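Written below as structure tokens is the structure these notes are about.
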Amino acid sequence: MDAASHMANRIKTECLAPDRSGIERAARLLREGRTVAIPTETVYGLAADATSDKAVALIYAAKERPSFNPLIVHVPSIDAARALAEFDDDAERLADAFWPGPLTLVLPVKAGAVSPLVTAGGKSVAIRVPDHPLARQVLAAAGIPLAAPSANPSGRISPTRAAHVLTGLSGRIAAVLDGGPTGVGVESTIIGLSPPTLLRAGGLPVEAIEACLGHALAQRTEDDAITAPGQLASHYAPGASVRLAADHAEAGEYMIGFGKVTGDVNLSPGGDLTEAAANLFDALHRADESGRPIAVAAVPDTGLGRAINDRLRRAAAPR
Ligand code: TXA
Ligand code: MG
């Protein structure tokens with residue numbers, strides 16, 4: 001089945017239980033070149049065989065993702081990652097310190113290691129070793145590297161529950177493995193190498209990475225081409241408008257609170273940024289479903305707050 005007919009003919013999306021038979025079924029579908037949404041510790045990813053052009057094309061088709069936007073490859077171990085990409089000393093140090101975990105490294109790709117659709121034809125590949133028991137069991141059972149962007153239609157809010165995946169992609173993907181809500185709640189932090197550069201704030205705080213390296217990360221410069229929707233101003237977009245740093249709801253608004261600023265939901269009544277990150281996308285999904293304009297309380301810009309504010313700015317950006 002090619003990508004176009006996959007889009008045209010809606011397929012039945014299987015909902016798989018988080019048990020041995022669900023894991024085996026997910027692995028088998030993936031080996032057959034199908035798409036399966038799986039939980040990771042950050043968000044649900046839409047996985048497919050990273051070595052198969054056809055399988056990767058199904059990801060782009062299901063998400064309606066611009067094909068110039070490359071994908072993250074998920075592998076079970078540092079050794080498996082070394083088979084796909086060149087590691088320098090900084091990459092070794094970061095992988096050793098933070099894998100498995102919410103860190104993605106962008107490294108020079110080894111020739112022929114993955115489908116060119118994964119790298120969007122470029123010379124680098126983004127890789128991570130996820131730290132979620134189900135993701136790890138699926139990787140072990142499938143025995144192939146898995147390309148997996150967040151399991152949402154391109155430009156929309158990332159999924160932290162199987163229900164979010166089905167809202168966006170039901171009928172477009174073979175299955176979703178239901179592992180309940182994800183723990184971290186925002187996507188992985190993405191680091192480019194030589195020199196180590198912050199490409200996307202995420203689930204691993206920048207402070208932890210800089211402490212490991214012993215120096216500050218370089219920042220992406222303004223001249224760098226923006227080729228990735230995850231780096232575009234408008235992303236994670238709900239249907240309605242989003243107002244930031246609100247201290248109360250205006251009439252009709254759906255209010256997302258934080259700390260003492262209350263609302264229809266509160267990211268963390270105690271002001272805890274880890275808890276707020278875990279609740280962020282579910283709150284945005286709920287706000288989106290309300291159909292009302294959205295207001296969000298201010299969140300401090302340290303630790304995981306950087307990733308939260310990055311996602312909120314993109315959700316609020318003009319589109
Ligand atoms: O936590 C996560 O990272 C989740 C889970 C599923 O692992 N995945 C995720 O994938 O957020 P996605 O596709 O939604 O975001 C990946 C980001 C995009 O902004 C993409 O452009 C960037 O990573 N990226 C992928 N490959 C790259 C490369 N070779 N160079 C630079 N950026 C790259
Ligand atoms: Mg995404």
Side-chain angles (χ1 to χ4, degrees), residues 35-48 50 56 59-60 62-75 84-86 98-109 113-132 134-136 138-139 145-160 164-165 168-169 176-177 179 182-193 197-204 220 224-237 277 280-281 284 304 307 310-311 314-315:
T35 51
V36 179
I38 59 170
T40 81
E41 77 278 30
T42 57
V43 300
Y44 278 71
L46 181 57
V56 175
I59 294 178
Y60 283 103
K63 285 183 58 97
E64 300 189 46
R65 181 173 174 112
S67 56
F68 56 73
N69 185 22
L71 306 176
I72 297 174
V73 177
H74 299 66
V75 293
L84 306 181
E86 309 287 351
F98 298 116
W99 282 353
L103 170 70
T104 294
L105 299 176
V106 175
L107 303 167
V109 66
V114 294
S115 161
L117 286 175
V118 167
T119 57
K123 294 190 168 73
S124 65
V125 63
I127 306 188
R128 80 181 190 97
V129 178
D131 185 20
H132 188 292
L134 289 171
R136 299 185 65 73
V138 170
L139 279 166
L146 296 175
S150 52
N152 51 278
S154 190
R156 304 307 301 259
I157 304 161
S158 292
T160 54
H164 300 159
V165 175
L169 296 177
V176 56
L177 179 61
T182 61
V184 176
V186 291
E187 299 88 342
S188 59
T189 302
I190 305 183
I191 301 292
L193 272 303
T197 305
L198 179 65
L199 300 181
R200 177 178 75 182
L204 181 66
R220 209 158 36 90
D224 292 344
I226 297 176
T227 53
Q231 298 163 12
L232 295 178
S234 172
H235 201 66
Y236 310 97
L280 176 67
F281 288 134
L284 282 171
L304 289 182
D310 169 82
R311 305 306 184 269
R314 292 175 212 273

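Just so it is clear, the structure is predicted and the values come from calculations on it, not from any experiment. Numbering of ligands and ligand atoms starts at 1, following listing order.
For atom 15 (O) of ligand 1, the nearest non-hydrogen atom from the set Arg200, Glu187, Lys123, Arg65 comes from Arg200. Comparing Leu204, Val73, Asn69, Leu105 against atom 20 (C) of ligand 1, the shortest heavy-atom distance belongs to Asn69. Relative to atom 31 (C) of ligand 1, the option among Thr119, Val184, Val118, Val106 with the closest non-hydrogen atom is Val106.
Contact annotation for Ala148 and ligand 1: only backbone heavy atoms (N, CA, C, O) come within less than 4.0 Å of the ligand. Heavy atoms of Ile190 found under 4.0 angstrom from ligand 1 belong exclusively to the side chain.
Arg156 approaches Asn152 most closely through the heavy-atom pair O-ND2, 3.2 Å. For the pair Pro66 and Ser154, the tightest heavy-atom approach, listed with the atom from each and the gap, is CD-OG, 3.5 Å.
Numbered from 1 in the order shown, with element, the atoms of ligand 1 that lie under 4.0 Å from a heavy atom of Ser124 read 28 (C), 29 (N), 30 (N). Here is the list of ligand 1 atoms found below 4.0 Å of a heavy atom in Ile72: 3 (O), 8 (N), 9 (C), 10 (O), 16 (C). Numbered from 1 in the order shown, with element, the atoms of ligand 1 that lie under 4.0 Å from a heavy atom of Ala126 read 25 (C), 26 (N), 27 (C), 29 (N). Near Pro70, the atoms of ligand 1 lying under 4.0 angstrom from a non-hydrogen atom of the residue are 20 (C), 21 (O), 24 (N), 25 (C), 26 (N), 27 (C), 28 (C), 33 (C). For ligand 1 and His74, the ligand atoms under 4.0 Å from any heavy atom of the residue are 5 (C), 6 (C), 7 (O). Atoms of ligand 1 found under 4.0 Å from any heavy atom of Gly45, numbered from 1 in the order shown, are 6 (C).
Judged as a ring-ring contact (aromatic ring centres under 6.0 Å, His included), and not counting sequence neighbours, His74 has no contacts. Listed by chain and number, the residues in a side-chain hydrogen bond (donor to acceptor under 3.5 Å, both in side chains) with Thr189 amount to none (sequence neighbours excluded).
Judged by distance alone, the side chain of Glu41 and the main-chain N or O of Asp131 form a donor-acceptor pair under 3.5 Å.
Listing protein N, O or S atoms at distances below 2.8 Å from the Mg ion (ligand 2), with waters left out, gives Ser150 OG.
No heavy atom of Pro102 sits closer than 4.0 Å to any atom of ligand 1.
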As a quick check of understanding, evaluate salt bridge (charged side-chain N to carboxylate O under 4.0 Å, His left out) for Arg128 and Glu187, giving each step before the final call.
CA-CA 11 Å; Arg128 80 181 190 97; Glu187 299 88 342; over 6 Å; no

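For residues 115-127, every residue pair satisfying the side-chain hydrogen bond (donor to acceptor under 3.5 Å, both in side chains) rule, not counting sequence neighbours, is listed here: Asp53-Ser115.
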